[in-house]
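First the structure, in the form of structure tokens, and then the observations on it.
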Protein chains: 2
Amino acid sequence: MDLEKQISALNNPVRRDILEWLKDRSNFPPALPEHADLEGVCVGYIQEKTGLSQSTVSNYMGLLKQAGFVVSERHGQWTFYRRDEDRIRAFLAAFRDLML
Amino acid sequence: MDLEKQISALNNPVRRDILEWLKDRSNFPPALPEHADLEGVCVGYIQEKTGLSQSTVSNYMGLLKQAGFVVSERHGQWTFYRRDEDRIRAFLAAFRDLML
DNA sequence: TTCTAAAATCGAGATATTTCGATATATGGA
DNA sequence: TCCATATATCGAAATATCTCGATTTTAGAA
């Protein structure tokens with residue numbers, strides 16, 4: 001639990017948007033048929049929605065992952081990212097304790 | 001409620017420390033007799049505890065104030081800062097909604 | 001009014017973040 | 001094996017943050 005890294009990851013509006021979008025898969029285009037059974041969203045779809053460059057979004061996903069807010073799973077040439085709800089909740093609890 | 005400004009204000013370990021210290025007046029030296037009835041802590045005491053320069057801490061307190069986490073009250077040549085618990089709570093609620 | 005002390009503001013150098021395009025790596029298919 | 005596609009990594013320019021010392025402002029006291 002690295003609060004510094006977590007707050008830093010959230011200190012960017014696009015990264016916060018990504019975390020919010022990932023709450024609901026329907027914020028992105030439908031998965032390819034061969035990915036129908038997989039959880040998470042591939043980097044390409046996230047990139048498209050942000051309008052930023054591929055390298056920027058790849059970097060952003062790495063920061064969110066290091067912060068523990070998302071997990072990734074590789075399937076073939078695609079990397080699928082999804083929220084880690086447990087760790088998000090744990091962060092919120094720690095953050096609340098810090099603030100109150 | 002400017003979430004951007006608020007998260008940004010929290011994206012610094014010393015500013016987070018200051019907010020925590022302000023939870024309890026006894027984290028600082030006792031108030032001068034003529035300030036015994038006042039709430040809050042003067043900038044000098046906060047500066048002393050951080051070990052940073054006067055201008056840096058004055059700037060930090062301004063950022064925390066703009067974020068709504070503290071309020072200030074001037075008495076003579078001293079400015080006393082204290083936490084705004086209501087606005088801290090409101091921020092936490094909004095932040096929680098964003099994250100969950 | 002003049003001096004002193006507290007705090008705020010200003011200007012600048014050092015460091016960190018943002019964001020890109022280019023390149024590298026990994027994987028599946030022809 | 002060679003190619004195409006998805007993602008990751010690298011290097012750099014633009015911008016923002018951090019932090020300082022110097023200066024200014026504010027207020028009380030001599």
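Numbers restart at 1 for each chain; the letters A, B, ... are given by sequence-line order, proteins then strands.
If you check distances only, the side chain of B:Gln77 does reach the base of C:dA5 with a donor-acceptor pair under 3.5 Å. Side-chain to base pairing of A:Gln54 with D:dA8: one donor and one acceptor N or O lie within less than 3.5 Å of each other.
Applying the 4.0 Å criterion to OP1 and OP2 of D:dC20, one finds that B:Thr56 has a side-chain N or O inside that range.
Of all heavy-atom pairs spanning A:Met99 and B:Lys23, the tightest one is O-CE, 3.8 Å.
Relative to the side chain of A:Tyr60, the nucleotides D:dC18, C:dT19, C:dC20 differ in distance, and C:dT19 lies closest. Closest to the B:Asn12 side chain, of the nucleotides D:dC18, D:dT26, C:dA8, is D:dC18. Closest to the A:Tyr81 side chain, of the nucleotides D:dA8, C:dG21, D:dA22, is D:dA8. Proximity note for A:Ser58 (side chain, C-beta onward) versus D:dT9, C:dA6, C:dT27: the nearest is D:dT9. Side chain of A:Ser55, nearest nucleotide from D:dT7, D:dT17, D:dT9: D:dT9.
Atom NE2 in B:His75 sits about 18 Å away from atom P in D:dT26, given to the nearest Å. Distance, B:Leu10 CG to D:dC18 P: 12 Å, rounded to whole Å. In this structure, B:Lys5 places its NZ atom 15 Å from C1' of D:dA16, rounding to the nearest Å. In this structure, A:Glu48 atom CD and D:dT7 atom C1' are separated by 15 Å, rounded to whole Å. Counting to the nearest Å, the P atom of C:dA6 and the CE atom of B:Met61 are 17 Å from each other. What separates CD of B:Glu73 from P of C:dA7 is a distance of 14 Å, to the nearest Å. Put simply, CH2 on A:Trp78 is 11 Å from C1' on C:dG29, counting in whole angstrom units. Rounded to a whole Å, the OH atom of B:Tyr45 is 10 Å from the P atom of C:dA6.
Between B:Gln6 and B:Phe69 the shortest side-chain heavy-atom distance falls below 4.5 Å. Annotation: side chain of A:Leu22 is in contact with side chain of A:Val41 (closest heavy-atom distance under 4.5 Å). With contacts defined as side-chain heavy-atom distances shorter than 4.5 Å, the pair A:Leu10/A:Phe91 qualifies.
Comparing A:Gly76 and A:Arg15 by the nucleotide of DNA chain C whose heavy atom lies nearest to each, the residue mapping closer to the 5' end is A:Arg15. In this structure, A:Arg74 and A:Asn11 both approach DNA chain D, and ranking their closest nucleotides by distance from the 5' end singles out A:Arg74.
Remark: the backbone N or O of B:Ser8 is paired with a side-chain donor or acceptor of B:Arg15 at under 3.5 angstrom.
Counting non-hydrogen atoms under 4.0 angstrom, B:Ser53 reaches a base of the nucleic acid.
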